[in-house]
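To keep things clear, I will list the structure first and then write my remarks on it.
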Amino acid sequence: MSYDNEIEIDREEKVDAKLWKRLFGYAMRNRGLFFRILVSMLIVAVIDALYPILTRFAIDHFVRPEATPTSDGIWLFFGVYAALVVLQGFCTTRFIGRSGEMEMAISYAIRQEAYLKLQTLSFSYYDKTSAGYLMARMISDVARLSDMIAWSITDFLWCGFYTLFCFGAMFWFNWKLALIVLAVIPPLAVVSLYLQKKILRYQRVSRKHNSRITSAFNEGIMGAMTTKTLVREKENAAEFEKITTDMRKASVKASVLSATFFPLVVSLGAVGTALALIFGGAGVKATLGGAETFLGVITAGTLVSFINYASSLFDPIQQLAGIFADMQSAQASAERVLSLIDTESEVRDTPEVEEKYGTSMEPKRENWEEIKGDITFDHVDFYYKESEPLLKGFNLHIRAGETIALVGETGAGKSTIVNLICRFYEPKQGRILIDGTDYRERSQLWLQSSLGYVLQSPHLFSGTIRDNIRFGRPDADEESVRRAAAMVHADEFIERQPKGYDTEVGEGGVRLSTGQKQLISFARVILADPQIFVLDEATSSIDTETEQLIQSAITEVLRSRTSIVVAHRLSTIRNADRILVIRSGAIVEEGDHETLLKNGGYYHDLYMHQYQEDAMQEALK
Ligand SMILES: Nc1ncnc2c1ncn2[C@@H]1O[C@H](COP(=O)(O)OP(=O)(O)OP(=O)(O)O)[C@@H](O)[C@H]1O
Ligand SMILES: [Mg+2]
């Protein structure tokens, strides 16, 4: 097992402003919501900054250290104070609710975009990208980002308004004392940023290990059978232990640093309070008859408000440091998600084609030419990896209505030829013509909606058997569904199911055997009634008896259409108009069944071999 692809190299990331601007753009799509959060935060922050002013007022008006205390107007004061508390509480619940809404809105917008993208990406993308990777991007990365963005916005607004008001009040009361107290801010900011970054780095390492653990679990569960049969339990357990130990170390480091961080910041903040007390205290003495200092006269109330401000100033700083550090650590997630959204499909329609034939979301069917099904490979070169060329100058002409069979050893390139016809991949060199036109001059949907494809490992979608048969033609009536199923003799096993056509197939069709899945996907294609048929080992998992039964149906279905059949079992392709033997991406023999048998080449040997095997099995029955 190797999890290397799950781990990225740790790097010092600078906050990429452009990237975040784009992500914050998702939040700005809902301006109304943003504005409401802004107003709530403004009120909450202003009230937070007002409390020390109220305290100042209370001391200077009711306590009056330099005169006799009085209680004139104390009820009004109490009323104002209470009203502010209630208003702040109300706004707090509002902004919490709104931010949650914002979070949902952001993840909805990103997921929507990413999902649409995934629908349009070509096969080659899915070759290179695992489903697990995509799921992780779509689920956890997006959740993390939207949570972060939504709450950063509220935090950021609060910090901004709060500091602004605190600074304003302090400068208003006594600008000299304000300057002295605020001298602690720069070192506070530097320390916060530095430590926060370190903490996040360890948290990140620990998260990474966590994702390795998840994938190890995943592999352990998915591969349980293989592990058992290959007796790999011990090695797997050892690998797993190493990962969990790494994770524990990183988590402990992060916790220790966090534990140091808070007291350190609080102590630094206390220096500000001390400065206020030392210098402000001297100023207060002046009001009580002492010598006047360079700060001028300071009332006791002002001093207390300064102390309050000084001791709460590290709060916004710490929060801002947190936001920046968070952005740094989430940057990798952000890049991954945005790069998914930005991925360009390798197979895509040109703007001119989209203009004429429409997109997959909005096809312009009225402009589509009817497909006859004439297919030509014109000097096609193709490879999956550049270093391993597969097709070189490949030529083939399939006439409309013709049935072509491809045979050859495993890995010869049969499925590749089929994938090229379906335009799941495109030629690297040369052209593929459908009815005489390069298929890149038409839309993908134009071709693919006339194509019926039954795969070696067919995919069913969760839902009922009926839903699956109707997948390509959701409006088909019950009668047609049953007719299609009956044609491939799928009706027999379907009716044996307790719920018949209403049987749930499970995710990906797990509750059915491969052969049953093949029968259903066969019925699906027959119902869709396409002009070009592609059967790639479509009957490989169907037992010989059923296969013989559906053989006549296949022959019937294929008669008037262009069809390409890949099969290992040669009995299924005897009736093909032309049989091509493929080896290393080239046609080495070509002709109908009789001709190829007479030639005595690869096909002849293969046929004889299978024939003997079949005869043997017959005899053993
Ligand atoms: N998605 C892919 N990415 C990279 N290489 C691939 C991919 N699909 C196939 N190949 C390689 O291309 C070659 C031809 O594969 P292809 O699937 O066309 O063979 P095939 O004739 O259909 O074999 P089989 O009879 O086993 O289905 C093989 O060497 C295979 O390893
Ligand atoms: Mg194949």
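Counting convention: from 1, in listed order, for ligands and their atoms alike. Note that the coordinates shown come from a computational prediction; the quantities given were computed from them, not determined experimentally.
Under 4.0 angstrom from ligand 1, the non-hydrogen atoms of Y425 all belong to its side chain. When non-hydrogen atoms are compared, ligand 1 lies under 4.0 Å from the side chain of L390 (C-beta onward) but not from its backbone.
Taking backbone and side chain together, T416 holds no N, O or S atom under 2.8 Å from the Mg ion (ligand 2).
Counted within 6.0 Å of CD on E355, heavy atoms from surrounding residues, nucleotides or ligands total 12 or fewer; the atom is thus considered open. For F471, the CZ atom sits in a loose shell: 12 or fewer heavy atoms of surrounding residues, nucleotides or ligands are nearer than 6.0 Å.
Residue T416 has at least one nitrogen or oxygen atom sitting less than 3.5 Å from a nitrogen or oxygen atom of ligand 1, judged on distance alone. Looking at ligand 1, you won't find any N or O of K385 less than 3.5 Å from one of its N or O atoms.
Screening Q429, H397, R431 for a side chain to side chain donor-acceptor pair (under 3.5 Å) involving D378 leaves a single residue, R431. With K356 as the partner, the salt bridge (Lys or Arg N to Asp or Glu O under 4.0 Å) test is satisfied by one option alone out of E441, E366, E369: E369.
Heavy-atom proximity to atom 19 (O) of ligand 1, evaluated over G413, S584, A567, is greatest for G413.
Listed by atom number, the atoms of ligand 1 under 4.0 Å from S415 heavy atoms are 17 (O), 18 (O), 20 (P), 22 (O), 27 (O).
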Residues F377, F382; criterion ring pair (Phe, Tyr, Trp, His ring centres under 6.0 Å); working and verdict: CA-CA 11 Å; F377 281 69; F382 183 77; over 10 Å; no
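Residue contact annotation: A412 has a non-hydrogen atom under 4.0 Å from ligand 1.
Salt-bridge formation is not detected for the pair E504/K499: no Lys NZ or Arg NE/NH1/NH2 atom is positioned less than 4.0 Å from an Asp or Glu carboxylate oxygen.
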